[in-house]
> 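Got a structure for you, written out below as C-alpha cells; questions coming shortly.
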Amino acid sequence: MIFYAGLYILIYFFSNRKLKFKLTIGNSTVKIYNYAVPIFFIFFVLAFRNGMGIDDQMYITTFNQIKDYGYSWRDIEIIFVLICKFVLLFNGKYQWVFVIYSLVSCALLLNAIKKLVSSEVFPIFICLFMAFFFLDSLVIMRQFLATVLLLNFYVYINEGKKKLSIIYFILACLSHNTAVVFIIFVILEKILSKYKINFLEKTIILVIMYIYQYIPIVNFVITNVGKISWLQDNYYVRYFLTSNSEYIFDIRLGVISSLLLVICIVFMWISYKNLWYRNRNYIHYENLMFLYWFVMMALSQFGFISRLGFYLLIFTIIYLSYCINMISTNYQLTTTVVFVASFIILLYFVANYTTTSGDINYLLPYSFNFDLF
C-alpha cells in the first residue's frame, strides 16, 4: 500500500507543468517536460514488476513453452510470440518481455498523450489515470499495449494520416485480437457526431442501461447459453461467459464506478455550453465516454467480455480531465482536489486487489525483479 501511495505522490509532483528538466547527452541537450518523467516512473514499475496476477503467470508459462518447444500450446497473439522469440534469441530471461512491453507501451502512451492532453490538463489527467487505469495496466499488458496502439490510431486518423493509422490498428489487433472491435466504436462515434445525439438523450440511455444491469432474465439467459455443450467447447464462450466453470462473472458497476458515471453525466450537463466551442475535440471525447459506459453496462453480465470497454476508458479519462480543468476557476485548488480524490480511489482499488487466488498474489506486496540474464 505504501509503495503505491509513494509512487502516486512522486508521479503527481513531477507532472507539474512548471517543472522542466534538461538532459545533456554529449553535445546535445534534450528538454524533458512534465509528460516524460511521470510516464518514465510508470514504465519502470511496469517493466520491473515481479510477475503479478493470473495473466502474468500465464505469460510466464507461455514463454517457457516457447523456450522449451519453440511454440506455445496456448492460442496467443503473434506480437507476444515474436517478443518472446526475440528475447530468447539473446538468451534473455522472461523479465525482458515485461521490459519490452512496458517500454513500447509507455513510449506510445507518451506520444499520444502529448498530442491529446495539454500540459495544463496533464496533472489532472495523470491523477485520474493512476486512479482508474494504472492498476489494470499492471496485469493485462497485452491489452494495455493494444489500447495505446489504438490511442495512436485515433490520433493519426484524426490528423488525416490514414496509412500510419492503419499500421497502428493492425499492430493493435496483432497485440490483442479483441482490439478489432475498436473500429466499431469509431463508427458509432461518427454516427453520434453526425446525428448530434444530445446530452439529454445520452443521459436517458445511460440510465436505462444502468437499470438493465439488474434485469434477472439477462443473467438467466446467459447462464443457460453457457451450459450448452457445443458452446462450452468454444474457447471464447468458455472464457468470457463461463470462465471455465458453470458460473458467470457478474461485472456490474460497483460503488466507485457508479459514482464516476454520475460525475460524467453531471459534467455532460454543466459543461455542455462551456466546452462545445472552446474545444473542437470535446464532442468526440464525450461520445467516446458515452460509448464506454454503454459498453460496460451492456456487457456487464457477460463476464470478462466487458473488458472490451477498456479500450474506451482512456478517452473517458481525457474527457473528465478537460471538463474538470475548463469549468474550474481556481487551477491550484482544482488540481489539489483531484489529487486527493484520486489518491483515495487508488488506495481503495489497491486494497480491493489484495485478494489471492491460490498462491497467486495480485498487487500486494509489490516487488521488483531485475533478473534479466
Side-chain angles (χ1 to χ4, degrees), residues 5 7-20 33-39 41-42 109-110 112-135 151 154-155 158 189 193 198-200 202-203 206 253 255-293 312-349:
L7 175 68
Y8 176 84
I9 294 170
L10 194 64
I11 285 175
Y12 176 75
F13 173 77
F14 282 102
S15 71
N16 191 311
R17 59 179 174 159
K18 294 181 181 179
L19 291 176
K20 294 181 176 65
Y33 294 93
N34 59 330
Y35 295 86
V37 177
I39 291 178
F41 286 129
I42 292 171
L109 176 65
L110 177 61
I113 292 305
K114 284 174 65 178
K115 295 174 182 291
L116 296 175
V117 179
S118 68
S119 61
E120 181 183 29
V121 176
F122 183 71
I124 299 172
F125 167 83
I126 203 66
C127 287
L128 297 176
F129 178 91
M130 292 297 294
F132 296 105
F133 196 97
F134 171 70
L135 295 181
L151 194 61
Y154 178 82
V155 167
N158 281 287
E189 195 283 318
S193 296
N198 64 41
F199 59 95
L200 175 60
K202 290 174 183 174
T203 301
L206 290 178
L253 298 189
V255 176
I256 298 296
S257 296
S258 298
L259 179 61
L260 187 62
L261 170 62
V262 172
I263 292 172
C264 285
I265 291 174
V266 170
F267 272 125
M268 196 163 53
W269 279 70
I270 66 176
S271 64
Y272 180 75
K273 291 183 180 180
N274 293 334
L275 302 185
W276 186 275
Y277 295 106
R278 291 173 62 185
N279 187 340
R280 63 185 179 86
N281 290 319
Y282 162 71
I283 190 61
H284 303 298
Y285 293 145
E286 181 186 292
N287 288 337
L288 291 166
M289 175 276 294
F290 166 77
L291 288 173
Y292 167 72
W293 290 114
L312 295 166
L313 177 57
I314 192 77
F315 294 98
T316 302
I317 293 172
I318 294 173
Y319 166 78
L320 280 173
S321 301
Y322 272 107
C323 283
I324 292 170
N325 182 64
M326 289 189 178
I327 67 169
S328 69
T329 55
N330 186 321
Y331 180 80
Q332 191 59 48
L333 177 63
T334 299
T335 53
T336 301
V337 170
V338 173
F339 167 79
V340 174
S342 298
F343 184 64
I344 294 170
I345 292 170
L346 173 66
L347 296 186
Y348 170 81
F349 282 139

> Between Phe315 and Tyr154, is the ring centre distance below 6.0 Å?
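Between Tyr154 and Phe315, which both carry aromatic rings, the centre distance is below 6.0 Å.
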> Would you say the side chain of Lys202 lies within less than 4.5 Å of the side chain of Asn287, judging by non-hydrogen atoms?
yes
> Can you see which heavy atom on Asn325 is nearest to which on Ser328, and at what distance?
O-OG, 2.8 Å
> Would you call the rings of Phe125 and Phe129 parallel, tilted or perpendicular, where under 30° means parallel and over 60° means perpendicular?
tilted
> Hey, could you give me the CG/CD1 distance between Leu110 and Ile39, rounded to the nearest 0.5 Å?
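Rounded to the nearest 0.5 Å, the CG-CD1 separation comes to 4.5 Å.
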> Show, in sequence, the C-alpha distance, side-chain angles and deciding distance for Leu135 and Leu346, and conclude whether the side chain to side chain contact (heavy atoms under 4.5 Å, CB included) test is met.
CA-CA 8 Å; Leu135 295 181; Leu346 173 66; 4.0 Å; yes
> May I ask you to test the Leu320-Leu260 pair for a side-chain heavy-atom distance under 4.5 Å?
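Yes - at least one pair of side-chain heavy atoms lies under 4.5 Å apart.
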> Check the pair Cys264, Thr316 against side chain to side chain contact (heavy atoms under 4.5 Å, CB included), reporting the backbone distance first and the verdict last.
CA-CA 9 Å; Cys264 285; Thr316 302; 4.1 Å; yes
> Of all the heavy-atom pairs spanning Tyr285 and Leu116, show the shortest one and how long it is.
OH-CD2, 3.4 Å
> With rounding to the nearest 0.5 angstrom, report the OH to OG distance, Tyr322 to Ser118.
4.5 Å
> Between Met268 and Phe199, what is the shortest heavy-atom contact and its length?
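Heavy atoms of Met268 and Phe199 come nearest at CG-CB, 3.7 Å.
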> Atom CG in Leu151, atom CD1 in Ile314: separation rounded to 0.5 Å?
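It is 6.0 Å, given to the nearest 0.5 Å.
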> Which distance, rounded to the nearest 0.5 Å, do you find between the OG1 of Thr335 and the CD1 of Ile126?
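Interatomic distance, Thr335 OG1 to Ile126 CD1, rounded to 0.5 Å: 14.0 Å.
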> Roughly how far, to the nearest 0.5 Å, is CD1 of Ile124 from OH of Tyr331?
5.5 Å
> List the atom of Ser342, the atom of Cys127, and the distance in Å for their closest heavy-atom pair.
CB-O, 3.4 Å
> Take Ile318 and Leu288, measure what side chain to side chain contact (heavy atoms under 4.5 Å, CB included) needs, and give me the verdict at the end.
CA-CA 10 Å; Ile318 294 173; Leu288 291 166; over 6 Å; no
> Shortest non-hydrogen contact from Met130 to Tyr8?
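Minimum heavy-atom contact is CB-CD1, 3.7 Å.
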> Would you compute the distance between atom OG1 of Thr203 and atom CH2 of Trp269 and round it to the nearest 0.5 angstrom?
5.5 Å
> Please report the shortest heavy-atom distance between Glu189 and Ile283, naming the atom on each side.
OE2-O, 4.3 Å
> Check the angle between the aromatic planes of Phe14 and Phe41 and answer parallel, tilted or perpendicular using the 30° and 60° thresholds.
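Tilted, since the angle between the ring planes falls between 30° and 60°.
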> Using the ring of each side chain (for Trp, its six-membered ring), is Phe122 parallel, tilted or perpendicular to Tyr35, with breaks at 30° and 60°?
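Rings of Phe122 and Tyr35: tilted, as their planes differ by 30° to 60°.
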> For Phe134 and Leu7, what are the C-alpha separation, side-chain angles and deciding distance, and is it a side chain to side chain contact (heavy atoms under 4.5 Å, CB included)?
CA-CA 11 Å; Phe134 171 70; Leu7 175 68; 3.7 Å; yes
